[in-house]
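As the structure is a prediction and not an experimental result, all values here were calculated from the model. Here is how names work: the chains are called A, B, and so on, in the same order as the sequence lines, proteins then strands, and each is numbered from 1.
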There are 2 protein chains.
Amino acid sequence: MTTEKIDGVTVTTKANVYFDGKCVSHNLTYPDGTKKSVGVVLAAELTFGTAAAEIMECVGGSCEYRLAGSDQWVKSGPGEKFSIPADSKFDIRVAEAYHYICHYA
Amino acid sequence: MTTEKIDGVTVTTKANVYFDGKCVSHNLTYPDGTKKSVGVVLAAELTFGTAAAEIMECVGGSCEYRLAGSDQWVKSGPGEKFSIPADSKFDIRVAEAYHYICHYA
(Lines give C-alpha, C1' and ligand atoms only; values in the text may rest on other atoms or scores of the structure.)
Protein backbone atom coordinates (compact mmCIF):
# COMPACT_ATOMS: atom_id res chain seq x y z
CA MET A 1 0.00 0.00 0.00
CA THR A 2 1.22 3.48 -0.77
CA THR A 3 1.82 6.02 2.00
CA GLU A 4 -0.12 9.01 0.68
CA LYS A 5 0.14 11.28 3.69
CA ILE A 6 2.34 11.78 6.75
CA ASP A 7 0.65 13.41 9.75
CA GLY A 8 1.90 15.66 12.50
CA VAL A 9 5.34 16.53 11.22
CA THR A 10 7.50 19.64 10.99
CA VAL A 11 8.42 20.57 7.43
CA THR A 12 11.58 22.46 6.57
CA THR A 13 10.28 25.00 4.08
CA LYS A 14 13.40 25.32 1.94
CA ALA A 15 13.78 22.44 -0.50
CA ASN A 16 16.88 20.35 -1.08
CA VAL A 17 17.81 20.64 -4.75
CA TYR A 18 20.20 18.02 -6.13
CA PHE A 19 21.62 17.43 -9.61
CA ASP A 20 20.35 20.71 -11.08
CA GLY A 21 16.83 19.98 -9.91
CA LYS A 22 16.64 16.39 -11.12
CA CYS A 23 15.96 15.55 -7.47
CA VAL A 24 14.02 17.85 -5.14
CA SER A 25 13.10 16.99 -1.56
CA HIS A 26 11.76 18.53 1.63
CA ASN A 27 12.94 17.45 5.09
CA LEU A 28 10.45 16.28 7.71
CA THR A 29 10.93 15.96 11.46
CA TYR A 30 8.63 13.90 13.68
CA PRO A 31 7.73 15.00 17.22
CA ASP A 32 10.14 12.33 18.56
CA GLY A 33 12.98 13.79 16.48
CA THR A 34 12.93 11.16 13.73
CA LYS A 35 13.93 12.66 10.40
CA LYS A 36 12.71 11.65 6.95
CA SER A 37 12.35 13.40 3.63
CA VAL A 38 9.81 13.40 0.83
CA GLY A 39 10.99 14.02 -2.68
CA VAL A 40 10.90 13.30 -6.36
CA VAL A 41 13.50 12.21 -8.88
CA LEU A 42 12.66 13.33 -12.43
CA ALA A 43 13.75 11.73 -15.69
CA ALA A 44 17.47 11.11 -15.16
CA GLU A 45 20.14 8.57 -14.35
CA LEU A 46 21.91 9.58 -11.14
CA THR A 47 24.20 8.21 -8.44
CA PHE A 48 23.42 8.98 -4.81
CA GLY A 49 25.71 8.45 -1.87
CA THR A 50 24.48 7.61 1.62
CA ALA A 51 25.88 8.65 4.97
CA ALA A 52 23.34 6.92 7.23
CA ALA A 53 21.59 3.80 5.97
CA GLU A 54 18.42 4.65 4.03
CA ILE A 55 15.18 3.00 3.06
CA MET A 56 13.59 4.43 -0.06
CA GLU A 57 9.81 3.97 -0.24
CA CYS A 58 8.07 4.66 -3.54
CA VAL A 59 4.85 6.69 -3.27
CA GLY A 60 4.27 7.33 -6.98
CA GLY A 61 5.86 6.68 -10.36
CA SER A 62 8.73 4.23 -10.48
CA CYS A 63 12.48 3.85 -10.80
CA GLU A 64 15.12 1.27 -11.42
CA TYR A 65 17.96 1.15 -8.92
CA ARG A 66 21.31 -0.62 -8.71
CA LEU A 67 23.10 -0.97 -5.40
CA ALA A 68 26.86 -0.60 -5.08
CA GLY A 69 28.59 -3.86 -5.96
CA SER A 70 25.65 -5.15 -7.98
CA ASP A 71 25.27 -5.17 -11.74
CA GLN A 72 21.53 -5.76 -11.55
CA TRP A 73 18.93 -3.04 -12.10
CA VAL A 74 15.81 -3.65 -10.01
CA LYS A 75 12.47 -1.93 -10.55
CA SER A 76 10.71 -0.23 -7.64
CA GLY A 77 7.12 1.02 -7.88
CA PRO A 78 4.39 2.38 -5.61
CA GLY A 79 4.38 0.79 -2.15
CA GLU A 80 7.75 -0.88 -2.70
CA LYS A 81 10.89 -0.17 -0.69
CA PHE A 82 14.57 -0.79 -1.01
CA SER A 83 17.41 -0.41 1.48
CA ILE A 84 20.84 1.12 1.04
CA PRO A 85 23.61 0.57 3.61
CA ALA A 86 25.38 3.46 5.34
CA ASP A 87 28.41 4.94 3.58
CA SER A 88 27.43 3.38 0.29
CA LYS A 89 25.90 4.53 -2.96
CA PHE A 90 23.33 3.53 -5.50
CA ASP A 91 22.46 4.31 -9.08
CA ILE A 92 18.92 5.25 -9.94
CA ARG A 93 17.32 5.69 -13.34
CA VAL A 94 13.93 7.22 -13.84
CA ALA A 95 11.95 7.45 -17.06
CA GLU A 96 9.30 9.91 -15.88
CA ALA A 97 9.15 10.52 -12.13
CA TYR A 98 9.89 8.60 -8.94
CA HIS A 99 8.17 9.97 -5.85
CA TYR A 100 9.61 8.75 -2.57
CA ILE A 101 9.85 8.89 1.17
CA CYS A 102 13.42 8.52 2.40
CA HIS A 103 13.64 6.86 5.81
CA TYR A 104 16.91 6.92 7.68
CA ALA A 105 17.40 3.46 9.10
CA MET B 1 11.99 37.09 8.93
CA THR B 2 12.03 33.87 7.02
CA THR B 3 9.71 31.00 7.92
CA GLU B 4 12.16 28.10 8.14
CA LYS B 5 9.83 25.44 9.51
CA ILE B 6 6.13 24.66 9.67
CA ASP B 7 5.02 22.51 12.60
CA GLY B 8 2.25 19.98 13.05
CA VAL B 9 1.09 19.54 9.48
CA THR B 10 0.11 16.65 7.25
CA VAL B 11 2.31 16.31 4.17
CA THR B 12 1.08 14.77 0.94
CA THR B 13 3.99 12.54 0.02
CA LYS B 14 3.66 12.75 -3.76
CA ALA B 15 5.08 15.96 -5.16
CA ASN B 16 3.40 18.32 -7.61
CA VAL B 17 5.64 18.63 -10.66
CA TYR B 18 4.99 21.58 -12.99
CA PHE B 19 6.71 22.74 -16.16
CA ASP B 20 8.86 19.63 -16.58
CA GLY B 21 10.16 19.96 -13.04
CA LYS B 22 10.99 23.67 -13.15
CA CYS B 23 8.57 23.92 -10.22
CA VAL B 24 8.16 21.18 -7.61
CA SER B 25 5.95 21.45 -4.53
CA HIS B 26 4.48 19.38 -1.72
CA ASN B 27 1.01 20.01 -0.31
CA LEU B 28 0.51 20.64 3.40
CA THR B 29 -2.70 20.45 5.42
CA TYR B 30 -3.06 22.01 8.88
CA PRO B 31 -5.12 20.36 11.62
CA ASP B 32 -7.88 22.96 11.00
CA GLY B 33 -8.00 22.02 7.31
CA THR B 34 -6.03 25.00 6.01
CA LYS B 35 -4.02 24.07 2.94
CA LYS B 36 -0.67 25.48 1.86
CA SER B 37 2.21 24.20 -0.20
CA VAL B 38 5.99 24.44 0.00
CA GLY B 39 7.97 24.41 -3.19
CA VAL B 40 10.80 25.64 -5.31
CA VAL B 41 11.01 27.25 -8.74
CA LEU B 42 14.33 26.60 -10.47
CA ALA B 43 16.02 28.73 -13.12
CA ALA B 44 13.21 29.52 -15.55
CA GLU B 45 10.70 32.09 -16.70
CA LEU B 46 7.18 30.76 -16.22
CA THR B 47 3.56 31.88 -16.08
CA PHE B 48 1.33 30.53 -13.33
CA GLY B 49 -2.42 30.77 -13.18
CA THR B 50 -4.37 31.04 -9.93
CA ALA B 51 -7.77 29.62 -9.05
CA ALA B 52 -7.99 30.83 -5.44
CA ALA B 53 -6.13 33.97 -4.42
CA GLU B 54 -2.56 33.19 -3.33
CA ILE B 55 0.14 34.73 -1.22
CA MET B 56 3.65 33.68 -2.16
CA GLU B 57 6.17 33.90 0.69
CA CYS B 58 9.86 33.58 -0.14
CA VAL B 59 11.84 31.30 2.19
CA GLY B 60 15.09 31.16 0.23
CA GLY B 61 16.64 32.39 -3.00
CA SER B 62 14.73 35.03 -4.94
CA CYS B 63 12.56 35.72 -7.96
CA GLU B 64 11.17 38.53 -9.98
CA TYR B 65 7.43 38.49 -10.59
CA ARG B 66 5.01 40.43 -12.77
CA LEU B 67 1.31 40.43 -12.01
CA ALA B 68 -1.31 40.26 -14.76
CA GLY B 69 -1.96 43.73 -16.16
CA SER B 70 1.38 45.10 -14.98
CA ASP B 71 4.51 45.63 -17.04
CA GLN B 72 6.70 45.93 -13.98
CA TRP B 73 8.97 43.16 -12.71
CA VAL B 74 9.32 43.23 -8.92
CA LYS B 75 11.98 41.38 -6.94
CA SER B 76 11.00 39.15 -4.02
CA GLY B 77 13.55 37.71 -1.60
CA PRO B 78 13.64 35.85 1.72
CA GLY B 79 10.90 36.93 4.10
CA GLU B 80 9.05 38.90 1.43
CA LYS B 81 5.55 38.12 0.18
CA PHE B 82 3.40 39.02 -2.76
CA SER B 83 -0.29 38.48 -3.43
CA ILE B 84 -2.03 37.26 -6.54
CA PRO B 85 -5.80 37.64 -6.98
CA ALA B 86 -8.07 34.67 -7.69
CA ASP B 87 -8.57 33.66 -11.33
CA SER B 88 -5.52 35.61 -12.39
CA LYS B 89 -1.98 34.84 -13.42
CA PHE B 90 1.55 36.02 -12.90
CA ASP B 91 4.91 35.72 -14.58
CA ILE B 92 7.89 34.65 -12.55
CA ARG B 93 11.54 34.57 -13.52
CA VAL B 94 14.18 32.91 -11.45
CA ALA B 95 17.94 33.02 -11.98
CA GLU B 96 18.88 30.24 -9.59
CA ALA B 97 16.15 29.08 -7.20
CA TYR B 98 13.10 30.58 -5.49
CA HIS B 99 11.93 28.65 -2.43
CA TYR B 100 8.42 29.49 -1.31
CA ILE B 101 5.40 28.84 0.84
CA CYS B 102 2.15 29.26 -1.09
CA HIS B 103 -0.71 30.44 1.14
CA TYR B 104 -4.23 30.33 -0.21
CA ALA B 105 -5.87 33.58 0.83
Side-chain angles (χ1 to χ4, degrees), chain A residues 1-44 46 55-63 76-81 94-103, chain B residues 1-44 46 55-63 76-81 94-103:
Chain A
M1 214 184 86
T2 305
T3 306
E4 294 182 1
K5 292 176 186 296
I6 298 177
D7 290 328
V9 289
T10 297
V11 179
T12 302
T13 57
K14 190 172 174 181
N16 309 303
V17 178
Y18 305 105
F19 300 106
D20 286 328
K22 289 298 182 185
C23 177
V24 173
S25 72
H26 280 88
N27 293 337
L28 309 180
T29 308
Y30 286 64
D32 70 359
T34 300
K35 293 181 185 302
K36 300 184 194 278
S37 65
V38 287
V40 60
V41 180
L42 302 172
L46 306 172
I55 297 168
M56 295 288 285
E57 175 183 351
C58 182
V59 295
S62 66
C63 76
S76 188
E80 296 178 339
K81 299 178 185 181
V94 175
E96 194 165 344
Y98 169 71
H99 297 261
Y100 67 86
I101 303 168
C102 178
H103 308 261
Chain B
M1 215 186 85
T2 304
T3 306
E4 294 181 1
K5 293 176 184 298
I6 299 176
D7 289 328
V9 290
T10 296
V11 179
T12 303
T13 57
K14 191 173 173 181
N16 310 302
V17 178
Y18 305 105
F19 300 107
D20 285 329
K22 290 298 183 186
C23 177
V24 173
S25 71
H26 280 89
N27 293 337
L28 309 180
T29 308
Y30 285 66
D32 70 358
T34 301
K35 292 182 186 301
K36 300 184 193 281
S37 65
V38 287
V40 60
V41 180
L42 301 172
L46 306 171
I55 298 168
M56 295 289 282
E57 174 183 352
C58 182
V59 295
S62 66
C63 75
S76 187
E80 296 179 339
K81 300 179 184 180
V94 174
E96 194 166 343
Y98 169 72
H99 296 262
Y100 67 85
I101 304 167
C102 178
H103 308 262

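Below 4.5 Å, heavy atoms of chain A meet heavy atoms from B/Leu28, all part of residues 27-36 of chain B.
Although no hydrogens or angles enter the test, the distance criterion places a donor-acceptor pair under 3.5 Å between the side chain of A/Thr13 and the main chain of B/Glu4.
The residue among B/His26, B/Lys22, B/Glu57 with the most heavy atom pairs within less than 4.5 Å of chain A is B/His26. Ranked by heavy-atom pairs shorter than 4.5 Å toward chain B, the options A/Gly21, A/Gly8, A/Ala43 are led by A/Gly8. Ranked by heavy-atom pairs under 4.5 Å with chain A, the list B/Leu42, B/Val9, B/Val40 is led by B/Val9. Interface check for chain A: of the options B/Asp20, B/Val59, B/Thr2, B/Thr3, the most heavy-atom pairs under 4.5 Å are formed by B/Val59.
At a 4.5 Å heavy-atom cutoff, the contact between B/Val17 and chain A is made by side-chain atoms alone. Both the backbone and the side chain of B/Ile6 come within less than 4.5 Å of a heavy atom in chain A.
Taking A/Tyr18 as the reference, nothing meets the ring-ring contact (aromatic ring centres under 6.0 Å, His included) condition, with sequence neighbours excluded.
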